[in-house]
Undergrad: 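The following block contains the structure, expressed as structure tokens.
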Amino acid sequence: MSETNELYQQVILDHNRKPRNFKVLEQPTREQMGHNPLCGDELTIYLELEGDLIRDITFQGSGCAISKASASMMTVSVKGKTLAEAETLFREFHQMVKGELDPETAPNHLGRLTILAGVREFPARVKCASLAWHTLHAALEGKSDPLLIKE
Amino acid sequence: MVAPGESHSPESSNTPFDVDRIRRDFPILATQVKGRPLVYLDSAATAQRPQIVIDAVNRFYTAQNANVHRGVHHLSEVATREFDGARVKVQRFLNAAESHEIILTHGVTESINLVANSYGAKFIGAGDEILLTMMEHHSNIVPWQLLAERTGAKVRVIPINERGEVLLDEYEKMLNPRVKIVGVVQISNALGTINPVKQMIELAHRQGIPVLVDGAQAAPHLNVDVQDLDCDFYAFSGHKLCGPTGVGVLYGKTSWLEAMPPFLGGGDMILSVSFEKTTFNSLPYKFEAGTPDIAGVIGLGAAIDYLNQTRLDRIAAYEKDLLDYATAQVGALPGIRLIGTAAEKAGVLSFVIDEIHPHDIGTILDQEGVAIRAGHHCAQPAMKFFGVPATARASFAFYNTRAEVDALVDAITRVKQVFEI
């Protein structure tokens, strides 16, 4: 498979065309905006938390196919997970796209997210794939600009 | 550019432009990318260097390296002669009246910061206005915003139309006694528009307002004559001109440069220093603090030699033909929207494709060996005007070919295949 096809797989293109959980949550527990000023990608993540559980997660925004598909796939994979499980996924995903974790050999919890492993061959695009995850991470940590987080 | 009788060009106007021969002067153009020949369509970001420039830099470090304007030893004299010689080459290239009107900087960004800080400190105050076009590069916006913040002056934006052309009527109406400077890009890096700077300068001068021209994209593509334009300041960068990075030029009229205070303080820009009083050096040294990028300046001189030899009028004609061809070929593809369709354009083809983000376009094109720029091109206000976050931008130089335009078209077709549109 060529590197282009490796990156732009059908699943990714499908998530780009029909992003899942692509809507505003009316009363989110937390809301976090993420912005990549270099390319103008922008998204907002809405979280409904129940104790330790991510009960619902949605997003809105605009960006390239990789950032949009990654955000869409992220919402699917963390919905219903605990905060600790989501943090583990964040860490493993980050390591995978940076080429520090090979999902084919190292044990991991990534599941379908490994479809985005191809991005590690495109250093300029790693930020696109990880924007949604960094935004989620910031929302869970509650560390970033409080103006952007509603609790 | 070159004074009559000084051109070393072996070319006559009638011989065809031999692009194959020119390509052999640029060693990097033989590069293979992912098994395909490099198609370099990103010269608006930085141009490639001909061997003559690489050799000049190499020769300096190999055989001539010493500091300038200081030593009494042999090498320092050689370095100073080469360095000062390059300044004269720049003077002739711009047809400036005096070589001391050529200030050597690190690039357009520093050149504009110099004017904003030095001219700005003396001549721009609270309530004054700075006029900039909607299509300026961030480097001709941010220094003025910083100045405005410090002084209470106001930045006002000269509007453009949907083709990316300055609205001259609106511009004329904006000129008033509070306006203390106009900043205008001669060729837009994001849109390719060639602005009518001569006319804009004349309109400003009627009211005694000086004009700074950002020539970053223009200097490699047009014959620039600062006396004919009558601009007060003109800035360009070496690396867009096939010269080294990190070196650039600010041309300023003597009367302004004399009246302006120094920008950076340090060595070389002084005559004498004591803790009681420092006397500043004469032009151009007053604005050149510290050891300059000597090799870079000498390399810039070599690049100017190369362009003179190739002749900018022939370069401009060849590039226009290439841009017209690219505009027709790319513009004919379904789903493509060209951003920037001014009647007068040079060098740049900015476009977007329905529902495909420019970064995805850029990545897939790269896989096909085609190097373009995807992004906002440091011109976010212009992007906002056109309602896009970014564009894909192919930019052309005189070493590009129609075959490379065809490769671009094929690669765009591939993008559409991948995205199934």
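What you see is a predicted model, and the numbers here were worked out from it, not measured in a lab. Side chains included, hydrogens not; waters and symmetry mates left out as well; all remaining heavy atoms used. Residue numbering restarts at 1 for every chain, and letters A, B, ... go by the order of the sequence lines.
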Undergrad: Flag the pair D366(B) / F122(A) as yes when at least one side-chain heavy-atom distance between them is below 4.5 Å, and no otherwise.
TA: no
Undergrad: Between CG of N36(A) and NE2 of H359(B), what distance do you get to the nearest 0.5 Å?
TA: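 The CG atom of N36(A) sits 7.5 Å away from the NE2 atom of H359(B).
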Undergrad: Name the region of Q10(A), side chain, backbone, both or neither, that has any atom closer than 4.5 Å to a heavy atom of chain B.
TA: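 For Q10(A), the side chain is the part near chain B, not the backbone.
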Undergrad: Check this for me: K34(B), atom NZ, are more than 12 non-hydrogen atoms of other residues, nucleotides or ligands nearer than 6.0 Å?
TA: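 Correct, the count exceeds 12.
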Undergrad: Can you name the closest pair of heavy atoms from H357(B) and C64(A) and give their distance?
TA: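 Minimum heavy-atom separation between H357(B) and C64(A): CB-CA, 3.3 Å.
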Undergrad: Less than 4.5 Å to any heavy atom of chain B: does that hold for the side chain of I66(A), its backbone, both, or neither?
TA: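 For I66(A), backbone and side chain are both near chain B.
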Undergrad: CD of Q32(B): more than 12 outside heavy atoms within 6.0 angstrom?
TA: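 Yes - once you tally the heavy atoms of other residues, nucleotides and ligands closer than 6.0 Å, there are more than 12.
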Undergrad: Scan side-chain atoms only and decide if E6(A) and Q367(B) contain a donor-acceptor pair under the 3.5 Å cut-off.
TA: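 Note: E6(A) and Q367(B) side chains miss the donor-acceptor criterion.
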Undergrad: Could you report the tightest heavy-atom contact between A65(A) and D360(B), atom names first, then the distance?
TA: N-OD2, 2.6 Å
Undergrad: Does NZ in K154(B) sit with more than 12 non-hydrogen atoms of other residues, nucleotides or ligands closer than 6.0 Å?
TA: no
Undergrad: Does NZ in K127(A) sit with more than 12 non-hydrogen atoms of other residues, nucleotides or ligands closer than 6.0 Å?
TA: no
Undergrad: Taking all non-hydrogen atoms of both residues into account, name the closest pair between T4(A) and V418(B) and its distance.
TA: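 Minimum heavy-atom contact is CG2-CG2, 3.9 Å.
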Undergrad: Is any NZ, NE, NH1 or NH2 atom of the basic residue among E355(B) and R17(A) found under 4.0 Å from an Asp or Glu carboxylate oxygen of the other?
TA: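 So E355(B) does not pair with R17(A) through a salt bridge.
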Undergrad: Using a 6.0 Å cut-off, check whether atom CZ of R150(B) has over 12 heavy atoms from anything other than its own residue.
TA: yes
